[in-house]
Structure formats: structure tokens, C-alpha cells
Amino acid sequence: MSNFKRIAIMGGTFDPIHFGHLVAAEAARDIFKLDRVFFVPSGNPPHKKNYPVTDAKHRYLMTNLAVAANPYFEVSSIEIEREGYSYAIDTVTEFYNRYKSQAELFFITGADAILEILTWKNVERLTELCRFIAATRPGTHLDELLKFIKKLPDKIGKKIHIMEVPALAISSTDIRQRVANHRTIKYLLPEAVEQYIVKNGLYQT
Ligand code: ATP
Ligand code: MG
């Protein structure tokens with residue numbers, strides 16, 4: 001067994017992973033003194049059926065390329081290996097069972113994701129198992145986020161910590177569109193991920 005005291009899960013589609021994800025995870029690691037951040041690429045996300053999500057194998061490999069240089073970062077294939085839809089509660093429960101007596105659990109999200117927390121499966125149970133770290137993100141105002149959290153039942157609201165990070169107006173959607181439109185994606189994501197996208201012809205359409 002490891003002797004991690006504080007570990008975090010950074011969930012996402014990572015289609016593709018970019019510097020917005022990495023900055024949020026690293027800021028959380030620093031501020032919350034995390035021993036490890038596990039990036040967990042989703043298998044088949046229930047909330048993203050409006051576009052065909054790239055094969056999990058590609059998203060998993062890109063995530064590995066992106067985190068390779070950070071000794072605190074790891075990639076977990078837990079959601080990819082699970083059949084059907086992935087819910088945060090399933091993943092958090094699995095991490096909880098693995099580390100419970102030993103480590104405190106955090107879940108890192110962007111501000112936009114937190115605004116949807118009430119739609120998440122078993123949200124009350126979720127906030128019993130872990131604390132949330134909500135990274136600010138261009139497009140969601142800090143005021144709006146604060147107001148939203150204040151209105152949540154205490155049980156849930158008290159488990160959400162807002163974390164201000166250097167604002168990066170980067171999204172996977174924008175990166176996919178740029179590739180499709182033959183525009184540059186340089187300096188929006190790690191170079192190794194950019195090369196992987198080119199080499200495998202991802203996001204061409
Ligand atoms: P898409 O455009 O496909 O939704 P995305 O850029 O939002 O992609 P996701 O994989 O959906 O990336 O995000 C995973 C997590 O990372 C979410 O909690 C999201 O809010 C957060 N996140 C993504 N981009 C940023 C960013 N630029 N700054 C802060 N948090 C971010
Ligand atoms: Mg998103």
C-alpha cells in the first residue's frame with residue numbers, strides 16, 4: 001500500500017487533454033498539498049452524446065503523454081475498463097474503498113462542471129466520500145459560482161472549495177474545431193499530444 005494522505009481524482013473526457021486541465025490539476029496539487037492526482041478519462045460519458053466521443057484508447061494514451069513529466073500525476077483506466085456509462089459516484093466509491101482508512105479524497109472539476117452538480121448521480125453520497133475542488137474557468141463567473149454554492153444544501157455546499165487558477169480560455173471543443181478547420185493548436189496543449197493528434201489523424205472532421 002502507498003502512504004498517500006491526500007489524493008485527488010480529475011475526471012474528464014479529455015478529448016483531447018489540454019493545458020486548462022493540467023493547470024487546474026497542478027494548482028490543486030499545490031494548494032491542497034495533494035500526494036497524487038489521478039486523471040480518469042471517461043469511458044462512455046452520459047452527458048456528452050451531442051458529438052461522437054473519440055475512442056477511449058486514444059484519449060487514454062493522450063492523457064498519459066500529457067502527464068508523463070509530472071511525478072504527482074497518474075492516469076487511471078478505471079472508467080475505460082468499466083462497461084457502460086461512467087458516473088463519478090462509481091469511480092469515487094472505488095477509490096474510496098481502495099484508500100479509505102488512509103487517504104482523504106478530493107475531486108477536481110472546473111467551475112462549469114460544478115454548476116451541474118445537482119444533476120450528478122447520488123450527489124449527497126458523493127460529498128460524503130470526497131471534497132470537491134472547483135477551479136475557476138473563463139465562461140463561468142466567480143460570483144455566479146459563489147452564489148450557486150451558497151444556495152446548495154449545507155451538506156453539499158460545505159464540501160466544495162473554490163480554487164482560483166490562472167485563467168485559460170482553452171477547451172477541448174475549441175481544439176477539435178481548430179483541427180477540423182486546419183487552424184493551429186500549438187501552445188494550447190502539450191506538444192506530445194499535438195503530435196499524437198496529427199499522427200493519428202484525430203478531429204479531422
Ligand atoms: P469539452 O469542450 O469537450 O467539454 P473540456 O475542455 O470542457 O472539453 P472536459 O474533459 O469536459 O474538457 O473537462 C474535464 C474537467 O476539466 C471538467 O471539470 C472541466 O470543467 C475542467 N476544465 C476543462 N478545461 C478547463 C479550463 N480551461 N480551466 C479550468 N478547468 C477546466
Ligand atoms: Mg467540458
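Remember, it's 1-based here, ligands and their atoms both numbered in the order they're listed. Since this is a predicted model, take the numbers as computed values, not measurements. Computed over heavy atoms, backbone and side chain alike; hydrogens, waters and symmetry mates excluded.
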ring-ring contact (aromatic ring centres under 6.0 Å, His included) between His58 and Tyr196, intermediate numbers included: CA-CA 9 Å; His58 286 310; Tyr196 185 96; 5.6 Å; yes

Quick check on Phe32: does its CZ atom have over 12 non-hydrogen neighbours (other residues, nucleotides or ligands) under 6.0 Å away? yes

Less than 3.5 Å between some nitrogen or oxygen of Gly11 and one of ligand 1, yes or no? no

For ligand 1, note which part of Thr136 has a heavy atom under 4.0 Å away: side chain, backbone, both or neither. backbone

Mind checking whether Phe39 and Phe14 have parallel, tilted or perpendicular rings, split at 30° and 60°? tilted

What do you reckon, does Leu168 have a nitrogen or oxygen under 3.5 Å from a nitrogen or oxygen of ligand 1? yes

Compute whether any side-chain donor of one residue and acceptor of the other, for Thr91 and Glu79, lie under 3.5 angstrom apart. yes

Which atoms of ligand 1 sit under 4.0 Å from any heavy atom of Thr109? 18 (O)

Could you tell me whether the side chains of Thr173 and Arg176 share a donor-acceptor contact shorter than 3.5 Å? yes

Ligand 1-proximal atoms of Ile170, by part, heavy-atom distance under 4.0 Å: backbone

If the cut-off is 4.0 Å to any non-hydrogen atom of Met10, which atoms of ligand 1 fall inside it? 15 (C), 16 (O)

Where the side chain of Asp90 meets the backbone of Ser86, is there a donor-acceptor pair that is under 3.5 Å apart? no

Which ligand 1 atoms are under 4.0 Å away from a heavy-atom of Ala113? 18 (O)

Taking only residues at least two apart or on different chains, which pairs with a member in residues 128-154 satisfy ring-ring contact (aromatic ring centres under 6.0 Å, His included)? Phe107-Phe132, Trp120-Phe132

Distance under 4.0 Å to a non-hydrogen atom of Arg176: what atoms of ligand 1 satisfy this? 3 (O)

Need the ligand 1 atom indices (1-based, order shown) with element for anything under 4.0 Å from a heavy-atom of Thr173. 1 (P), 2 (O), 3 (O)

In terms of side-chain heavy atoms, does Gln102 have a donor or acceptor partner in Asn3 at a distance below 3.5 Å? no

So if I count the atoms of ligand 1 from 1 in the order they appear, which ones are less than 4.0 Å from some heavy atom of Gly12? 10 (O), 14 (C)

Among side-chain atoms of Tyr203 and Asp15, is any donor-acceptor pair under 3.5 angstrom? yes

Should Gly110 be counted as touching ligand 1, given the test is an N or O pair under 3.5 Å? yes

Any idea which atoms of ligand 1 are less than 4.0 Å away from a heavy-atom of Asp112? 19 (C), 20 (O)

So the atoms of ligand 1 within less than 4.0 Å of a heavy atom of Ser171 turn out to be 2 (O), 6 (O)

